[in-house]
Amino acid sequence: MCAFVLVAEDDEKQAELVRRYLERDGHAVAVVHDGSAALDAVRRRPPDLLILDVMMPGTDGLEVTRFLRNADGPPELTRLPILMLTARTTEDDLLLGLDLGADDYLTKPYSPRELMARVRTLLRRAGGVHPPLPDAERRILRVAGLVVDPVRHEVTVDGRHVECTPGEFDLLSVLAAEPDRVFTRPQLLDRIHGSSGYISARTVDVHVLNLRKKIEADPRRPDRLVTVFGVGYKVASGAGGPGGRGDQGLDDRPRGDPHRDDLKGAGAPVARTVPAGPAGGAAARRGA
């Protein structure tokens, strides 16, 4: 199955190289060379994936992302998977794009093979290219008023619809599937991005901050998506219960070895599930 990919890159040689690799993988490709043209192209025909250079003349990639992630926009734009290409290498610069709503990023120079691996991962997660989900992954997850539907790619909180990017949705799905289990950052990155060593653990923190703005009554005092200091994050099965109120946000304490994996979740409750209704939207796959 092919997808429609829009490439926004002001370097024409670089854009043509990306086009060739995408077409070799079977995708339909459109190329533009500035941010304004990217927004026009997205409005005319929303793509399955946007590959977006950050440093473009006029409207840059960050402004494009900010516009597309506007909460008042149509779902096909607010949920559009965005892969950023950037020559900026500082962590703050990279996390700024994620904070605005980008789903992934690559720093230049990058390997075309790695680019295509990221493209395939984002398309699987967003449903652009996706095999049928196993029955276990077609279940609606319900945790204390939080409802996550992997088939329809929908999230509601106490009946209120919540728009999530593919990265945010995947993170929330992993946590909601095993409420009260504490996941370390490396565990969450492995579930979402696989074994790639190019993704910073702070990516998880950015997704958590954005999700709290959407699902918490008071993002500064979260009781659904909770920090366990020195360890990681969990979705609490009882909102407002122990470990909820009083959690002040991200854990910035030293964590020792970032790859430690000593939490097995033994005895953690499993999310109560009910069969999902007919598929009505793009499937999001947990663990892609």
Side-chain angles (χ1 to χ4, degrees), residues 1-65 67-70 73-86 97 100-106 108-133 150-153 163-167 169-170 192-194 196 279-285 288:
M1 179 186 296
C2 71
F4 173 51
V5 181
L6 176 63
V7 178
E9 166 65 75
D10 65 327
D11 185 325
E12 294 187 10
K13 291 183 179 179
Q14 190 77 15
E16 185 58 30
L17 177 65
V18 173
R19 178 205 289 273
R20 289 204 300 268
Y21 272 90
L22 288 166
E23 290 178 341
R24 186 180 302 175
D25 230 28
H27 304 300
V29 185
V31 176
V32 296
H33 300 296
D34 62 71
S36 296
L39 290 173
D40 289 341
V42 166
R43 292 188 192 102
R44 288 195 306 270
R45 181 187 175 187
D48 298 304
L49 171 68
L50 173 60
I51 298 178
L52 183 63
D53 183 31
V54 172
M55 301 296 291
M56 291 187 294
T59 304
D60 65 17
L62 296 176
E63 286 300 318
V64 172
T65 302
F67 176 85
L68 293 175
R69 293 304 189 231
N70 187 318
E76 62 268 23
L77 299 187
T78 58
R79 298 178 184 176
L80 171 63
I82 299 175
L83 170 59
M84 280 191 161
L85 306 178
T86 177
L100 290 174
D103 298 285
D104 203 352
Y105 59 80
L106 273 177
K108 299 178 179 180
Y110 53 82
S111 159
R113 291 178 60 188
E114 183 186 358
L115 170 65
M116 295 312 303
R118 299 290 184 88
V119 166
R120 286 189 287 270
T121 297
L122 283 174
L123 288 173
R124 283 198 304 269
R125 285 163 51 186
V129 177
H130 208 306
L133 287 173
V151 173
R152 292 192 172 95
H153 202 281
E163 289 287 350
C164 293
T165 68
F169 186 90
D170 282 354
I192 298 170
H193 292 286
S196 172
R285 189 178 187 184

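As the structure is a prediction and not an experimental result, all values here were calculated from the model. Sequential numbering from 1 along the given sequence is applied to the chain's residues.
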Check the pair V5, V18 against side-chain contact (heavy atoms from CB on, under 4.5 Å), reporting the backbone distance first and the verdict last. CA-CA 10 Å; V5 181; V18 173; over 6 Å; no
What residues form a side-chain contact (heavy atoms from CB on, under 4.5 Å) with T165, not counting sequence neighbours? R69, D103, E168
Output, in order, the C-alpha distance, side-chain angles, deciding distance and verdict of salt bridge (Lys or Arg N to Asp or Glu O under 4.0 Å) for E16 and K13. CA-CA 5 Å; E16 185 58 30; K13 291 183 179 179; over 6 Å; no
Gap separating the CZ atom of R118 from the CD atom of E114, nearest 0.5 angstrom: 4.5 Å
By side chain to side chain donor-acceptor pair (under 3.5 Å), which residues pair with E23, not counting sequence neighbours? none
At what distance, to the nearest 0.5 angstrom, does CG of D53 lie from OG1 of T86? 7.5 Å
Close side-chain approach of P47 to V42, heavy-atom, < 4.5 Å: yes
Donor-acceptor contact present, side-chain D60 to main-chain L62, <3.5 Å: yes
If you round to the nearest 0.5 Å, how far is CG of D104 from CG of L122? 5.5 Å
Which residues share a side-chain contact (heavy atoms from CB on, under 4.5 Å) with P46, sequence neighbours left out: E76, L77
Residues which pass side chain to side chain donor-acceptor pair (under 3.5 Å) with Y21, listed by chain and number, not counting sequence neighbours: none
Could you list the residues that satisfy salt bridge (Lys or Arg N to Asp or Glu O under 4.0 Å) with D40, not counting sequence neighbours? R43
Determine yes or no for a side-chain-to-main-chain donor-acceptor pair under 3.5 angstrom, with R79 supplying the side chain and E163 the backbone. no
Show me the side-chain donor-acceptor pairs of residues 28-36 shorter than 3.5 Å, one per line, residues at least two apart or across chains.
{"from": "H33", "atom 1": "ND1", "to": "E9", "atom 2": "O", "distance (Å)": "2.8"}
{"from": "D34", "atom 1": "OD1", "to": "S36", "atom 2": "N", "distance (Å)": "3.1"}
{"from": "D34", "atom 1": "OD1", "to": "A37", "atom 2": "N", "distance (Å)": "2.8"}
{"from": "S36", "atom 1": "OG", "to": "T59", "atom 2": "OG1", "distance (Å)": "3.4"}

Smallest separation among heavy atoms of G61 and L52, with atom names: O-CD2, 3.3 Å
With side-chain contact (heavy atoms from CB on, under 4.5 Å) as the test, would you mind laying out the steps for L123 and H27 before giving the verdict? CA-CA 11 Å; L123 288 173; H27 304 300; 3.6 Å; yes
So how far is it from L85 CG to D11 CG, rounded to the nearest 0.5 Å? 11.0 Å
Return the CG to CZ distance between L17 and R19, rounded to the nearest 0.5 Å. 11.5 Å
Which value, rounded to the nearest 0.5 Å, describes the distance between F4 atom CZ and L50 atom CG? 10.0 Å
